[in-house]
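So you know, we letter chains A, B, ... as the sequences are listed, proteins then strands, and number each from 1.
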Protein chains: 2
Amino acid sequence: MVGYAKGRVRREDIIAAAAAAYGESGYRQASLRDIARRVGISHSGLLYHFPTKEALLTAVLERRDAVDAARERLHGPPGAAVLRSMVSLAAHNTDHPAIVELYSRLAAEAVSPDHPAHGYFARHYRRARDLVRASFTAMAEAGELRDGVDPDRAATVFIALMDGLQVQWLTSPDEVDMTATLRTHLATLLRDGS
Amino acid sequence: MVGYAKGRVRREDIIAAAAAAYGESGYRQASLRDIARRVGISHSGLLYHFPTKEALLTAVLERRDAVDAARERLHGPPGAAVLRSMVSLAAHNTDHPAIVELYSRLAAEAVSPDHPAHGYFARHYRRARDLVRASFTAMAEAGELRDGVDPDRAATVFIALMDGLQVQWLTSPDEVDMTATLRTHLATLLRDGS
DNA sequence: CCTACCGATCGGTAGG
DNA sequence: CCTACCGATCGGTAGG
């Protein structure tokens with residue numbers, strides 16, 4: 001029991017250290033030795049917990065999904081509330097650059113179809129677009145969107161905007177305000193502009 | 001003379017091969033041996049032309065700047081024409097994924113301040129935002145923009161949108177239309193919506 | 001979990 | 001431009 005609990009904590013430590021390393025160096029560039037060093041064990045000690053480098057990446061992505069799923073319950077059905085919660089997420093991210101780096105670096109690395117996280121990001125983008133599109137559609141039906149705003153295109157724009165802002169902000173934190181830019185963009189799409 | 005010309009051609013070959021490798025693997029992951037293999041020389045033969053790995057990266061970025069400068073003369077003063085030429089660029093990029101990969105991968109890698117291309121991308125983003133902002137400002141003064149569209153924020157949005165679309169498109173080419181999405185977005189900002 | 005090791009690969013240098 | 005080499009580092013395995 002005690003041994004099991006200790007193992008679980010150690011695994012969580014390793015996953016957190018790996019996420020940090022992937023954010024700083026990318027997945028391929030991050031070494032098992034560096035991650036192990038952050039946790040205070042040898043690199044083969046790490047391989048006792050995760051049999052391969054790729055298994056550790058999978059664990060990192062699964063933990064992110066678990067965190068996201070826990071948050072997703074907060075914003076319920078598609079609609080304006082979803083978009084507001086995504087703006088809140090951007091505000092939250094402004095105080096947590098490590099998470100932003102993790103996603104931005106892995107997403108760019110995983111454009112190659114042979115990257116082990118490629119499928120993960122393809123699904124991630126599709127789900128995000130679907131959720132945002134459904135939200136814009138609900139808003140259009142409620143008469144909240146300006147005429148001529150297409151929910152499908154607006155969804156692709158919104159997701160791309162969030163991603164592009166992250167890279168620009170990481171590169172030049174003082175010159176880009178993610179939250180305000182997103183908020184202003186959304187106002188542009190609303191009938192009453194508020 | 002003949003020797004010099006041959007050397008120049010060889011250098012151009014190496015730069016092109018390096019750009020391809022950076023697009024596929026990123027700068028840090030791309031090896032001198034792989035790049036040399038593409039050109040048909042040894043990796044130390046490559047180091048005869050470029051003394052360090054970083055010198056080769058600098059050469060790749062300088063060549064991109066030279067190509068961009070040649071194109072820039074085409075779109076003249078800030079204004080709607082600049083934005084149209086950027087949409088054309090997106091259309092052009094749709095047929096040249098290698099260039100898109102090069103930029104997307106290097107930009108994400110270079111968010112770290114200690115990356116050798118960090119300064120390059122910080123300048124690149126600043127210049128792009130300035131040009132687009134000046135263009136939106138000119139359009140606002142000509143009465144072409146909808147009320148409430150702020151040129152400064154619209155510029156950040158436009159650049160972020162272009163970048164974010166590229167990663168989404170590279171990940172799922174069949175699910176994202178970069179050109180149409182950009183065009184639709186621009187129409188949203190215009191007074192007459194055309 | 002560790003030590004000790006493997007084969008492979010890396011950027012760069014020496015010397016021609 | 002090449003061959004030959006350097007020290008460093010990589011992911012993974014053997015054996016405990």
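Following rounding to the nearest Å, A:L32 (CG) and D:dG12 (P) show an atom-to-atom distance of 6 Å. Per the geometry, CD1 belonging to B:I41 stands 10 Å off C1' belonging to D:dC2, to the nearest Å. Remark: P of C:dG12 and CG of B:L46 are 10 Å apart, rounded to the nearest angstrom. What separates CG of B:D34 from P of C:dC10 is a distance of 8 Å, to the nearest Å.
Salt bridge absent: B:D130 and B:R127 never bring a charged side-chain N and a carboxylate O closer than 4.0 Å.
For the pair B:S42 and A:R37, both in contact range of DNA chain D, the more 5′-proximal nearest nucleotide belongs to B:S42.
Among the atoms of the strands shown, only primed sugar atoms or phosphate atoms (P, OP1, OP2) are found under 4.0 Å from some heavy atom of A:A30.
Residue B:R63 qualifies as enclosed at atom CZ: its count of foreign heavy atoms under 6.0 Å is above 12. In the displayed structure, A:R126 atom CZ is contacted under 6.0 Å by at most 12 heavy atoms of other residues, nucleotides or ligands.
Residues A:S104 and A:L170 have side chains in contact (heavy-atom distance under 4.5 Å, counting atoms from C-beta outward). The shortest distance between side-chain heavy atoms of A:T188 and B:V157 does not fall below 4.5 Å. Between B:F50 and B:T58 there is no side-chain heavy-atom pair separated by less than 4.5 Å. Side-chain contact between A:P151 and A:E141: absent, with no pair of heavy atoms (C-beta onward) separated by less than 4.5 Å.
Within the structure, side chain to side chain donor-acceptor pair (under 3.5 Å) contacts touching residues 150-169 of chain A (residues at least two apart or in different chains) are A:Y125-A:D163, A:R133-A:D152, A:R153-B:T184, A:Q168-B:R129. Sorted by first and then second residue, the side chain to side chain donor-acceptor pair (under 3.5 Å) pairs with a member in residues 25-34 of chain A read A:D34-A:R38; sequence neighbours excluded.
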Short heteroatom pairs, N/O only, protein and nucleotides 5-9 of chain D, under 3.5 Å:
none

(request) Would you write the dot-bracket representation of DNA chain C, where each base gets (, ), [, ], | or . depending on whether it forms a Watson-Crick or G-U pair under 3.5 Å and with which partner? (result) ||||||||||||||||
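In terms of the side-chain hydrogen bond (donor to acceptor under 3.5 Å, both in side chains) criterion, residue partners of B:Y120 (sequence neighbours excluded) are, by chain and number, B:D65, B:Y103.
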(message) Set out, in order, the CA-CA distance, both residues' side-chain angles and the distance that settles side-chain contact (heavy atoms from CB on, under 4.5 Å) for A:L186 and A:R84, then state yes or no.
(response) CA-CA 9 Å; A:L186 275 181; A:R84 269 195 297 271; over 6 Å; no
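Near-neighbour residues of DNA chain C inside residues 47-58 of chain A, defined by a heavy atom below 4.0 Å, number-ordered: A:Y48, A:H49.
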